[in-house]
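All remarks here apply to the structure that follows.
Predicted model, so just to flag it, every value in this text is computed and none were measured.
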Number of protein chains: 2
Amino acid sequence: MSETTVTARRSQTRERLMDAAVALFAAKGVLGASVEEICERAEFTRGAFYSNFADKDDLCLAVLNRHALRELEATEKAVASIGEDVLCARTIDEVIELALSVFLATQPRSSEDLVAGMELRLYAVRAPALRQPLLALNERMGEQIGDLLGGVVDRVGLRLQLPMEEALDLLHAVYLHSGINALLQGLEPDDESRRRQLTELLKSLVTDREEPR
Amino acid sequence: MSETTVTARRSQTRERLMDAAVALFAAKGVLGASVEEICERAEFTRGAFYSNFADKDDLCLAVLNRHALRELEATEKAVASIGEDVLCARTIDEVIELALSVFLATQPRSSEDLVAGMELRLYAVRAPALRQPLLALNERMGEQIGDLLGGVVDRVGLRLQLPMEEALDLLHAVYLHSGINALLQGLEPDDESRRRQLTELLKSLVTDREEPR
DNA sequence: GACTTTCAATACAGTTCTGTATTGAATACA
DNA sequence: TGTATTCAATACAGAACTGTATTGAAAGTC
């Protein structure tokens, strides 16, 4: 069958173009990265690009979709890997630790991904072709992660002071913001200190059900 | 004297160019807004632009500086206008209300300013000419507002669970993030609901000194 | 091993933008 | 009113990018 094999070459090309795009989006912004440059970096010519994508927006969409898929996978893996630990966890601190691990698994680890993500997010605000899809992905991810974390939190008898959705948004906001702040200061975002920051925040947002004030 | 009058025409030109730039930065991004377009919108030609600014980065710098000045003014005004109220405020809720008013006075009110601000912030991450200045402005503003709010909070016997600097950063992150989220959903950011969100957050972060748990 | 199909490379036409050098008009000043 | 100066408009040269149409090579099929 021609389809699968052909598609193999094709999807390799697409992958390499997307990789190049993410790197350049981070380095120069979505608008600052020309189609030409993206192709150059991926070691193709523009012929390959226009054979695979309608235009830059189309490429952005593909990047977003790929990102969502990866994030979802990472989340599931993280949840699976702490599945048993949760049942043993008893102290608030332990649970917060675990919940954070799951959350952090969903966040961009490299500063490149962080910046590229912000770029795309901001770009999507005014790109009609991207707004709806990004929104849909966000929502799906939010629910997914919310459910997972909600289960964890419930099982060990914690109560949030905020709805799960808002709490996640909060974490998300703080995490991204502090990452950008670090980059502005010329530092690589420091995982340790950001984790500590989020831990403190979570402690403030959580109430132990067995010890009400 | 030639200087003052000449400067009057000049600074009007600069103002109009900056206004046009902010509008276009919000609508198309810093990189998406060409010098040509900015001039067109301001009803000048590029001659005016290059007579006033070295290049787009230089214009961005001017915009940032102007913004910082305005923010500072707004803060001072807000603090002045609640100066006496603070002395009467007794309940936690009242104090939070006041503190929030001061904080919100420093934040972009229009969604245009919001987006343009985010654009510039992200742009500065990789524009060497802008990074340091933006950082310096941020720091100055942070201290300024931190001191003001710190005074208010202290005077009425509240204690933060976080250092003031981090608390402000948190508010800032959440406020911007929720604004962008709203825009992604095609809604104008809703002042009411964002204020409520921040109120809840603040309540979680604050401990009443007279009623320790 | 010929034949077809798929896909990326090349060539091309057109647009847009930048920055500079020069000109001309308005304003300041005497 | 005449003169000098300031500032924006105009004209220009060059560069970069986009998207399409065509070509050529490699992979897949029989």
Original post:
Where along residues 14-35 of chain B does a heavy atom fall under 4.0 Å from DNA chain C?
Top reply: B:Ser34, B:Val35
**OP:** Round to the nearest Å and state the distance from A:Arg10 atom CZ to D:dA27 atom P.
**Re:** 16 Å
Subject >> Set of ring-ring contact (aromatic ring centres under 6.0 Å, His included) partners for B:Phe53, sequence neighbours left out >> reply: B:Phe49
Original post:
Between D:dA8, D:dT18, C:dA8, which nucleotide gets closest to the side-chain atoms of B:Phe44?
Top reply: D:dA8
**OP:** Specify the separation, in whole Å, of atom CD of A:Glu40 and atom P of C:dA9.
**Re:** 12 Å
**OP:** Take atom CG of B:Leu59 and atom P of C:dT18, then tell me their distance rounded to the nearest Å.
**Re:** 12 Å
Subject >> Strand-adjacent residues in residues 46-54 of chain B, judged by heavy atoms under 4.0 Å from DNA chain C >> reply: B:Arg46, B:Tyr50
Original post:
With sequence neighbours left out, what residues match A:Glu112 under side chain to side chain contact (heavy atoms under 4.5 Å, CB included)?
Top reply: A:Val22, A:Ala23, A:Ala26, A:Ser110
Subject >> Partner set under salt bridge (Lys or Arg N to Asp or Glu O under 4.0 Å) for A:Glu139, not counting sequence neighbours >> reply: none
Subject >> Which residues share a ring-ring contact (aromatic ring centres under 6.0 Å, His included) with A:His172, sequence neighbours left out >> reply: B:His177
**OP:** Taking only Lys NZ, Arg NE, NH1 and NH2, and the carboxylate oxygens of Asp or Glu, determine whether B:Asp19 and B:Arg66 approach each other closer than 4.0 Å.
**Re:** yes
Original post:
Just how far, in rounded Å, is P of D:dC17 from CD of A:Glu37?
Top reply: 6 Å
**OP:** Considering non-hydrogen atoms only, spot the tightest contact between B:Arg131 and A:Leu184 and give its length.
**Re:** NE-O, 3.3 Å
Original post:
Could you give the CD-to-P distance, from A:Glu36 to D:dC17, as a whole number of Å?
Top reply: 5 Å
**OP:** Round to a whole Å and report the spacing from CG of B:Asp58 to C1' of C:dT18.
**Re:** 15 Å
**OP:** Might you point out which heavy atoms bring B:Ala182 and B:Pro189 nearest each other, and give the distance in Å?
**Re:** CB-CA, 3.8 Å
Original post:
Between B:Thr106 and B:Glu71, does any side-chain donor sit less than 3.5 Å from a side-chain acceptor?
Top reply: no
